[in-house]
Each structure stands twice: as C-alpha cells, then as structure tokens.
Amino acid sequence: MMKLQDKIIEHRKANGWSQEDLADKLNVSRQAISRWENGSALPDAQNILQISKLFHVTTDYLLNDEYDSDGDLPAVKTATEETEALFLKKRHWHLVAGISVSIASLCWIIAMAYSTHDAATALFGFCFAVSALNAVMQFVLYFRKR
C-alpha cells in the first residue's frame with residue numbers, strides 16, 4: 001500500500017530529480033514538494049494533473065493508496081490484456097494473408113512465364129519483385145514484436 005507522498009518520492013527519485021527540480025517543473029516552491037513528500041500537505045487538483053503527466057501515470061494511481069503501480073488499476077489490466085490478445089490475433093492473420101498473396105502472385109507469375117504473351121515477360125520481373133517484397137514485409141511485421 002503506497003501513499004501519494006511515497007509515490008511522489010519514488011517517481012521523483014526514479015527520474016533523478018531533486019525536490020528543487022520537481023518544484024521547477026511544476027512551478028511550485030521546493031517547500032511545497034517537501035510538504036507533499038512528508039505528508040503534511042496535499043497537492044491541489046491542478047498539481048495532481050501536472051504530476052500525473054510529468055510521471056506518465058494516471059491520477060487514479062496517484063490518488064488511490066491501494067495501487068502500487070499504474071498497472072494495478074483494474075481497467076488498465078483488462079484493456080492491456082485485451083489489446084495484446086487482439087494484436088496477436090491480427091498479426092497472425094496478417095502473416096497468413098501475406099503468405100497467401102505471395103503464393104498466389106508466384107503462381108500467377110509462373111503461369112504467365114510459360115505463356116506465349118509478350119506482356120508476360122515484361123510483367124514477370126515486376127510481379128516477382130512485388131510478391132517477394134510483400135513476403136519479406138509480412139515476415140518482418142510478424143516477427144518484429146516477438
């Protein structure tokens with residue numbers, strides 16, 4: 001269980017800031033930071049908003065003593081898990097689609113290469129390059145986040 005004062009101290013030190021540095025960033029006195037950190041005073045609503053932006057955390061996390069990290073918020077946990085699952089599902093289908101398009105392109109190129117049309121020879125190089133590039137991009141996108 002972390003109190004607001006402990007969260008301010010922890011994040012200030014994690015950023016390597018002195019009380020004076022934090023005071024300058026929030027346009028308050030160093031004494032105000034000291035009072036917040038020793039628990040003798042609380043920041044006002046505007047300062048809470050500024051602190052949350054400065055530390056890249058939610059105001060819910062700052063104000064709720066039950067949360068030890070921003071990830072402890074129930075809504076954040078649920079949204080993060082759902083987003084990760086959706087991302088993995090989309091990445092899988094992008095890879096399947098990319099491979100399918102590449103195979104179809106290669107089949108078309110082979111068919112055109114064995115035909116007697118003059119246009120086939122002109123398009124052969126272009127289509128082969130496009131399908132190869134597509135396959136490479138799909139593999140890069142798939143494995144980039146692994």
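For the single chain, residues carry numbers from 1 onward in sequence order.
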So which atom in D21 and which in G16 form the shortest heavy-atom distance, rounded to 0.1 Å?
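For D21 and G16, the tightest heavy-atom pair comes out as OD2-O, 4.3 Å.
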What closest approach, in Å, do V57 and H11 show between heavy atoms, and which atom pair accounts for it?
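Taking V57 first and H11 second, the nearest heavy atoms are CG1-CE1, 3.8 Å.
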Aromatic ring pairing F55/W17, orientation class (parallel under 30°, perpendicular over 60°, tilted between)
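Aromatic pair F55/W17 classed parallel.
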Separation of [Y] [atom2] from [X] [atom1] (nearest 0.5 Å):
| X | Y | atom1 | atom2 | result |
| --- | --- | --- | --- | --- |
| D44 | L49 | CG | CG | 9.0 Å |
| K7 | I51 | NZ | CD1 | 12.0 Å |
| L4 | E37 | CG | CD | 10.0 Å |
| R35 | I33 | CZ | CD1 | 9.5 Å |
| I9 | L22 | CD1 | CG | 11.0 Å |
| N47 | L62 | CG | CG | 11.5 Å |

Short side-chain to backbone donor-acceptor contact, R30 and A23, under 3.5 Å:
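Checking the backbone N and O of A23 against the side chain of R30, no donor-acceptor pair under 3.5 Å is found.
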Report the C-alpha separation of N15 and L54 in whole Å, then their side-chain angles, then the decisive distance to 0.1 Å, and conclude whether the side-chain contact (heavy atoms from CB on, under 4.5 Å) test is met.
CA-CA 10 Å; N15 284 296; L54 193 60; over 6 Å; no
